[in-house]
Amino acid sequence: VMAASDYKNYDESLQKLFIEFCATDPELFVRVKNIVRKEYFSGKLSNAVKFMLEHTEQYNALPTTEQIKATCDVELTKVEITEQHKNWFFDEFETFCRHKALEHAIISSADLLEKGDYGQVEEKIKHAVRIGLTKDLGTDYFVDPKARLLALKDNNGTISTGWTALDQKLYGGFNKGELNIFAGQSGAGKSLFLQNLALNWVTAGMNVVYFTFELSENLSSMRIDSMSTGVASNEIFKKIDDIDLMVRMQGQKAGKFQLKYMNSGCTVNDLRSYIKEYEVQTNARPDCICVDYLDLLMPISKRVSPSDLYIKDKYVSEELRNLAVENQIVLATASQLNRSSVEEIEYDHSHIAGGLSKVQTADNVIGIQTSRAMRERGRYLIQLMKTRSSGGIGNKISLSFNIDTLRITDLTEEQIAEDDNMTSSSITSSIKKRTATIKPKTPQNQGAQVVQQVEQVANLRSMLKTRRTALDDTDKL
């Protein structure tokens, strides 16, 4: 059996042999039909392949060699095929199609390169490289369920968010290859959540890359200084030496943490290039990536108007998720909620700026609910607007917020008890208010009504008596 790498020049004689294999055994043609293109063949052979494809599409049967001879003037000879010959054919024909696709992609990319449209060039090359036969039949459901479940447990790569209350609703945390979106109004704390999330991961020993499109690297780092050391934000500059020591000590037992400012309007390809450079320079791969935030990215190759948010966000969210899948990383980002969400207590998909496109692509969408009073009381409320791998949709989770250090953590037992008491008090207060609106008649109220009626009767009698006296005096005159 000849190896695929033995053939470098696919001349017409070899191309003809491929067609003869297919003409001899229709089953072979069916199995390779999904990667066959007439452009891969030269001269009359191209017409023969085109005729075979059209004939099978229209009549659901491969044309005979006589039909091909009469129609395309290509004479084919049927060959003797053994099982080993089939294996050779599949290996060699797959490589042939891939090489030809790559050749056509390079040639057709010349004009795109002149225009500077590198995104489409990359897509063409990627498509050509991915060409291959379908050999993997997938999962046989009834065969070895235990191994299947263990593989899912080991390979799914569930990574804790660092917030136990959220992990419980997500069945353990975020999974590798997923797109996770924190959605909030302007000033709600989207960046705070991403920074706290990144710090949770780094503290757990993960390698994290944090892309910031708004805040500078230094300002983002200073926020995280406060979160990681417990020093209030307004005390940072007064305790620079202490901060320096504490951060360096934490770095000795934490994962790698890189913050990178990116210009608004960058694409996922810019992120991809940075990740590759990161791997080369650090000799490490990132486990988690935070993108602050999705709405400021642009699509790779699609020319979309920035005002067409639905289409723009659709492409960007799909490209971000592809990045997570390619690198098998956990990816978290943020997005804006629209103005209709301002007075809402319950968020739904209609409140996401840009519409449903990014929600449909994302695996988890978490809404951030907050107010000034909540932050001053040390609370954040998040709502699971979408979860692909758990049943937590609609659930709300209360988290603790330190307004001085900007740290977001799980509630302590005391805080949970405090919230429970406040909830009970608010319910009791509400019941009292509703009860107070309906005043029952009390004995005191009934007595007051009797006194009032007696006074009215007495006044009426006095008035009648005065009237009668006046009439008597008139008669006497």
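The basis for the numbers below is simple: all heavy atoms, side chains too, and nothing from hydrogens, waters or symmetry mates.
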Enquirer: Judged by atom type as modelled, is there a donor-acceptor pair below 3.5 Å linking the side chain of S233 to the main-chain atoms of D404?
Expert: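 Side chain of S233 to backbone of D404, a donor-acceptor pair under 3.5 Å: yes, one is there.
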
Enquirer: Between K386 and A362, is there a donor-acceptor pair closer than 3.5 Å when you use the side chain of the first and the backbone of the second?
Expert: yes

Enquirer: Atom CG of L331 and atom CG of N322: how far apart are they, to the nearest 0.5 Å?
Expert: 11.0 Å

Enquirer: Can you name the one residue among N175, T161, N180, T387 that meets side-chain hydrogen bond (donor to acceptor under 3.5 Å, both in side chains) with N364?
Expert: N180

Enquirer: Is the closest basic N to carboxylate O distance between D225 and K239 below 4.0 Å?
Expert: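 Salt bridge between D225 and K239, a charged N being under 4.0 Å from a carboxylate O: no.
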
Enquirer: Does the side chain of C266 come within less than 4.5 Å of F213's, by heavy atoms?
Expert: yes

Enquirer: Between R37 and F41, which heavy-atom pair has the shortest distance, and what is it?
Expert: O-CD1, 3.5 Å

Enquirer: Could you walk me through whether L406 and Q195 pass side-chain contact (heavy atoms from CB on, under 4.5 Å), step by step?
Expert: CA-CA 10 Å; L406 308 179; Q195 289 159 359; 5.9 Å; no

Enquirer: Check whether any side-chain N or O of Q15 sits under 3.5 Å from a backbone N or O of Y10 as a donor-acceptor pair, and report yes or no.
Expert: yes

Enquirer: Might you point out which heavy atoms bring A188 and T370 nearest each other, and give the distance in Å?
Expert: O-CG2, 3.6 Å

Enquirer: Evaluate the side-chain proximity of Y210 to I224: yes if any heavy-atom separation is below 4.5 Å, no if none is.
Expert: no

Enquirer: Is L384 close to L166 at the side-chain level, that is, under 4.5 Å between some pair of heavy atoms?
Expert: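 With C-beta onward as the side chain, the pair touches.
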
Enquirer: Would you check if Y261 and E217 make a side-chain contact, meaning some heavy-atom pair closer than 4.5 Å?
Expert: yes

Enquirer: For atom NZ of K100, decide whether the heavy atoms of other residues, nucleotides or ligands shown that lie under 6.0 angstrom number more than 12.
Expert: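 Count over threshold, so yes.
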
Enquirer: Where is the tightest heavy-atom contact between R223 and S191, given as atom of each residue plus distance?
Expert: NH1-CB, 3.8 Å

Enquirer: Is the shortest side-chain N to carboxylate O distance from E318 to R321 below 4.0 Å?
Expert: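 Looking at R321 together with E318, the answer is no, because their closest N to O distance does not fall below 4.0 Å.
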
Enquirer: For the residue pair K358 and S335, confirm or rule out a side-chain donor-acceptor distance under 3.5 Å.
Expert: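 Yes - a donor-acceptor pair under 3.5 Å links their side chains.
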
Enquirer: Are any of the side-chain nitrogens in R248 or D244 under 4.0 Å away from the carboxylate oxygens of its partner?
Expert: yes

Enquirer: Are the side chain of R379 and the backbone of M374 linked by a donor-acceptor contact shorter than 3.5 Å?
Expert: no

Enquirer: Regarding Q360 and K314, is there a side-chain donor-to-acceptor distance under 3.5 Å anywhere?
Expert: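 Side-chain D/A pair, Q360 to K314: absent.
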
Enquirer: Apply side-chain contact (heavy atoms from CB on, under 4.5 Å) to I275 and I289, showing your working.
Expert: CA-CA 10 Å; I275 293 171; I289 288 179; 3.2 Å; yes

Enquirer: Hey, what do you get for CD (E376) to CZ (F401), rounding to the nearest 0.5 Å?
Expert: 10.5 Å

Enquirer: Considering non-hydrogen atoms only, spot the tightest contact between V268 and L297 and give its length.
Expert: N-CD2, 4.4 Å

Enquirer: May I ask you to check whether over 12 heavy atoms, not counting those of D140, lie within 6.0 Å of atom CG?
Expert: yes

Enquirer: Taking atom CD of E94 and atom CD of E92, what is their separation to the nearest 0.5 Å?
Expert: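 Reported value, rounded in 0.5 Å steps: 10.5 Å.
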
Enquirer: Nearest 0.5 Å, what's the CG-CE distance between L192 and M227?
Expert: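 One gets 5.0 Å once the value is rounded to the nearest 0.5 Å.
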
Enquirer: Could you check F18, W88, Y40 and say which one makes a ring pair (Phe, Tyr, Trp, His ring centres under 6.0 Å) with F93?
Expert: F18

Enquirer: Just do the side-chain contact (heavy atoms from CB on, under 4.5 Å) check on V359 and M385 with the steps written out, would you?
Expert: CA-CA 9 Å; V359 177; M385 300 171 65; over 6 Å; no

Enquirer: Please check if the side chain of R285 supplies one atom and the backbone of N327 the other of a donor-acceptor pair under 3.5 Å.
Expert: yes

Enquirer: Could you walk me through whether W163 and F193 pass the ring pair (Phe, Tyr, Trp, His ring centres under 6.0 Å) test, one step at a time?
Expert: CA-CA 11 Å; W163 297 306; F193 265 88; 5.6 Å; yes

Enquirer: For atom NZ of K276, is the number of surrounding heavy atoms from other residues, nucleotides or ligands below 6.0 Å larger than 12?
Expert: no

Enquirer: Keeping D410 on the side-chain end and A165 on the backbone end, is there a donor-acceptor pair under 3.5 Å?
Expert: yes

Enquirer: Do R407 and N196 get their side chains close enough for a donor-acceptor pair, meaning under 3.5 Å?
Expert: yes

Enquirer: Would you say that I125 contacts I106 through its side chain, given a criterion of any heavy-atom pair below 4.5 Å between the two side chains?
Expert: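 They are in contact (side-chain heavy atoms under 4.5 Å apart), so the answer is yes.
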
Enquirer: Check whether any side-chain N or O of S46 sits under 3.5 Å from a backbone N or O of S42 as a donor-acceptor pair, and report yes or no.
Expert: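 Answer holds: no.
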
Enquirer: Please give me the minimum heavy-atom distance between D363 and G177, naming the atom from each residue.
Expert: OD2-O, 4.4 Å

Enquirer: Can you tell if the side chain of T139 reaches within under 4.5 Å of the side chain of Y141, non-hydrogen atoms only?
Expert: no

Enquirer: Step by step, would you call L294 with S317 a side-chain contact (heavy atoms from CB on, under 4.5 Å)?
Expert: CA-CA 7 Å; L294 181 150; S317 55; 4.2 Å; yes

Enquirer: May I ask you to decide if G367's main-chain N or O and Q383's side chain share a donor-acceptor pair within less than 3.5 Å?
Expert: no

Enquirer: Any heavy-atom pair between the side chains of L271 and E319 that's under 4.5 Å?
Expert: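 E319 does not reach L271 side chain to side chain.
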
Enquirer: For K146, does the NZ atom sit with more than 12 other heavy atoms under 6.0 Å from it, leaving out its own atoms?
Expert: no

Enquirer: Is the number of heavy atoms from other residues, nucleotides or ligands under 6.0 Å of E57 CD greater than 12?
Expert: no

Enquirer: Using the rule side-chain contact (heavy atoms from CB on, under 4.5 Å), only one of L179, V316, D295, D292 pairs with T333; which is it?
Expert: L179

Enquirer: Write down the atom of A332, the atom of W201, and the distance for their closest heavy-atom approach.
Expert: CB-CH2, 4.1 Å

Enquirer: Please assess D419 against R377 for the test salt bridge (Lys or Arg N to Asp or Glu O under 4.0 Å), listing each intermediate value before the final yes or no.
Expert: CA-CA 11 Å; D419 285 359; R377 198 170 67 85; 3.3 Å; yes

Enquirer: Measure the shortest side-chain to side-chain distance between I416 and D420 over non-hydrogen atoms and say whether it is less than 4.5 angstrom.
Expert: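 I416 vs D420: side chains touch.
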
Enquirer: Would the distance check show the side chain of S226 and the main-chain N or O of M222 forming a donor-acceptor pair, the cut-off being under 3.5 Å?
Expert: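 No, because the side chain of S226 does not come within donor-acceptor range (under 3.5 Å) of the backbone of M222.
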
Enquirer: Stepwise, does the ring pair (Phe, Tyr, Trp, His ring centres under 6.0 Å) test hold for F89 with F96?
Expert: CA-CA 10 Å; F89 169 77; F96 162 73; 10.0 Å; no

Enquirer: Nearest 0.5 Å please: distance from the CG atom of N283 over to the OH atom of Y278.
Expert: 10.5 Å

Enquirer: Name the residue from E277, E326, E279 that meets the salt bridge (charged side-chain N to carboxylate O under 4.0 Å, His left out) definition with R272.
Expert: E326

Enquirer: Out of curiosity, Q328 CD to E178 CD, how far, rounded to the nearest 0.5 Å?
Expert: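 Output value for this atom pair is 10.0 Å.
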
Enquirer: So, does N207 use its side chain to make a donor-acceptor pair with the main chain of K256 at under 3.5 Å?
Expert: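 Looks like yes, one N/O pair under 3.5 Å.
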
